[in-house]
Amino acid sequence: MVPAPATDTPDGAAIRWIDVHKAFGEKKVLAGVDLEVARGDSMVIIGGSGTGKSVLLKHVIGLLRPDRGRVEVDGVDVASLGSTELTGFRRRFGMAFQEGALFDSMTVAENIAFPLRRSGRLTQAETHARVEECLEMVHLEGAGSKRPGELSGGMRRRVGFARAVALEPAILLFDEPTSGLDPVMTGTIDELIIELREKLGSTTLTITHDMASAFRIADQIAMLCDGRILVTAPPDEFRNLQDPRVQQFLRGEARGPLTDDTESAPHETGESP
Ligand SMILES: Nc1ncnc2c1ncn2[C@@H]1O[C@H](COP(=O)(O)OP(=O)(O)OP(=O)(O)O)[C@@H](O)[C@H]1O
Ligand SMILES: [Mg+2]
């Protein structure tokens, strides 16, 4: 069981980083991150490669712990949870991480069914129907019996997305959900993210290099720079910010995003978080 909230969140913050510092050896990655994601909001985090975006996200589910400061989810200090509590706590999230992390020994359908089965909320028939629905959602009808190793990098990414949203969780975490996808598929994923927020009121935190995506799906865009949040603003405002670091980033991404994965990328392996 997850303990009751340590602090109340009258302002409705779902996720909050408070003065978060994190270094790996000599390398300071986060140097005082303050950020809040309001419940039901879609927050997009952008920033250069290697600036610590994935590190920021991993703190939310307790995969990393801050050296200083605190990360709260629904008012709970994540670092206060023991390993058993963390396991339960992580089930409130749907997440698709940058590394892919599908179970290679399971079929695509089994991968998507995994969180559904574990929740014990659905019958076998309902699970089957939901898996089909999720496959359709990401345009992978008929791929259920394949193994992740038989799919392209982009297809695996879509399976990861489907698995993340299968249980319709209250908080969704996506690390580069559209990198390596063509513009049509990127649009589909963006639509799904928007729909989840509108229909279910899910809180969504997405890391992306794709500024077109960011402007489509975000209520708020936050930019990570030099270990801190440089600015947080709604898309329309963000576009017009005069800060040279923002403008440089927007111009750079307009020339072509930095993608680390393509439809034909080599196979990734990993364990599911
Ligand atoms: N577990 C770890 N041990 C040591 N160093 C790490 C670890 N995790 C991340 N780092 C380092 O922290 C820095 C930030 O990494 P991170 O993966 O968060 O970057 P990012 O902003 O997500 O980049 P990208 O856009 O390329 O995904 C990098 O220098 C990385 O090497
Ligand atoms: Mg990353």
If you look at every heavy atom in [X] and [Y], which pair is closest and at what distance?
X	Y	answer
T232	I229	OG1-CG2, 3.5 Å
R90	M95	O-CE, 3.9 Å
P169	S202	O-OG, 3.0 Å
D77	S80	O-OG, 2.6 Å
V184	D182	N-OD1, 3.0 Å
P177	F161	CB-CD1, 4.5 Å

Which value, rounded to the nearest 0.5 Å, describes the distance between [X] atom [atom1] and [Y] atom [atom2]?
X	Y	atom1	atom2	answer
I112	L167	CD1	CG	12.0 Å
H139	R158	NE2	CZ	8.0 Å
D190	S42	CG	OG	9.5 Å
I207	F97	CD1	CZ	8.0 Å
R156	L140	CZ	CG	12.0 Å
D41	L205	CG	CG	11.0 Å

Would you call [X]-[Y] a salt bridge at under 4.0 Å N-O?
X	Y	value
D175	K58	no
R197	D219	yes
R16	D34	no
E195	K199	yes

Is [Y] close to [X] at the side-chain level, that is, under 4.5 Å between some pair of heavy atoms?
X	Y	value
E237	N240	no
R121	L116	no
L172	I193	no
V20	H59	yes
L135	E141	no
P66	L30	no
L86	V78	yes
R147	V108	no

What residues form a salt bridge (Lys or Arg N to Asp or Glu O under 4.0 Å) with E168, not counting sequence neighbours?
R130
Using a cut-off of 6.0 Å, state whether more than 12 heavy atoms not belonging to [X] lie near its atom [atom1].
X	atom1	value
R228	CZ	no
H128	NE2	no
Q124	CD	no
D243	CG	yes

I'd like to know if the side chain of [X] and the backbone of [Y] have a donor-acceptor N/O pair within less than 3.5 Å.
X	Y	value
K53	I46	no
E85	G82	yes
R92	A170	no
E132	A129	no
N111	L102	no
Q247	L241	yes
Q248	R245	no
T203	G40	yes
S152	M155	yes
W17	L56	yes

Please test M211 against L250 for side chain to side chain contact (heavy atoms under 4.5 Å, CB included), starting from the C-alpha separation and ending with a verdict.
CA-CA 7 Å; M211 286 313 298; L250 293 180; 3.4 Å; yes
Do R163's NZ or CZ and the ring of F114 fall within the cation-pi criteria of under 6.0 Å and 45°?
no
R157 vs S179, side chain to side chain contact (heavy atoms under 4.5 Å, CB included): CA-CA, chis, key distance, verdict
CA-CA 9 Å; R157 201 165 283 274; S179 98; 3.7 Å; yes
Using the rule that two of Ile, Leu, Val, Met, Phe, Trp, Tyr join whenever any of their side-chain heavy atoms come within less than 4.5 Å, decide whether M43 and I18 are in one cluster.
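No, because M43 and I18 fall into different hydrophobic clusters, even though each may have its own neighbours under 4.5 Å.
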Find out if a path of hydrophobic residues (ILVMFWY) with successive side-chain heavy-atom gaps under 4.5 Å connects V131 to L192.
yes
Hey, mind stepping through I15 and L173 against side chain to side chain contact (heavy atoms under 4.5 Å, CB included) and telling me if it holds?
CA-CA 11 Å; I15 311 172; L173 308 174; 4.3 Å; yes
Output, in order, the C-alpha distance, side-chain angles, deciding distance and verdict of side chain to side chain contact (heavy atoms under 4.5 Å, CB included) for V165 and F174.
CA-CA 10 Å; V165 305; F174 298 121; 3.9 Å; yes
Out of T178, I217, T206, which one pairs with I189 under the side-chain contact (heavy atoms from CB on, under 4.5 Å) rule?
T178
Salt bridge (charged side-chain N to carboxylate O under 4.0 Å, His left out) between D19 and R68: does it pass, once the steps are laid out?
CA-CA 7 Å; D19 192 32; R68 210 173 99 194; 3.5 Å; yes
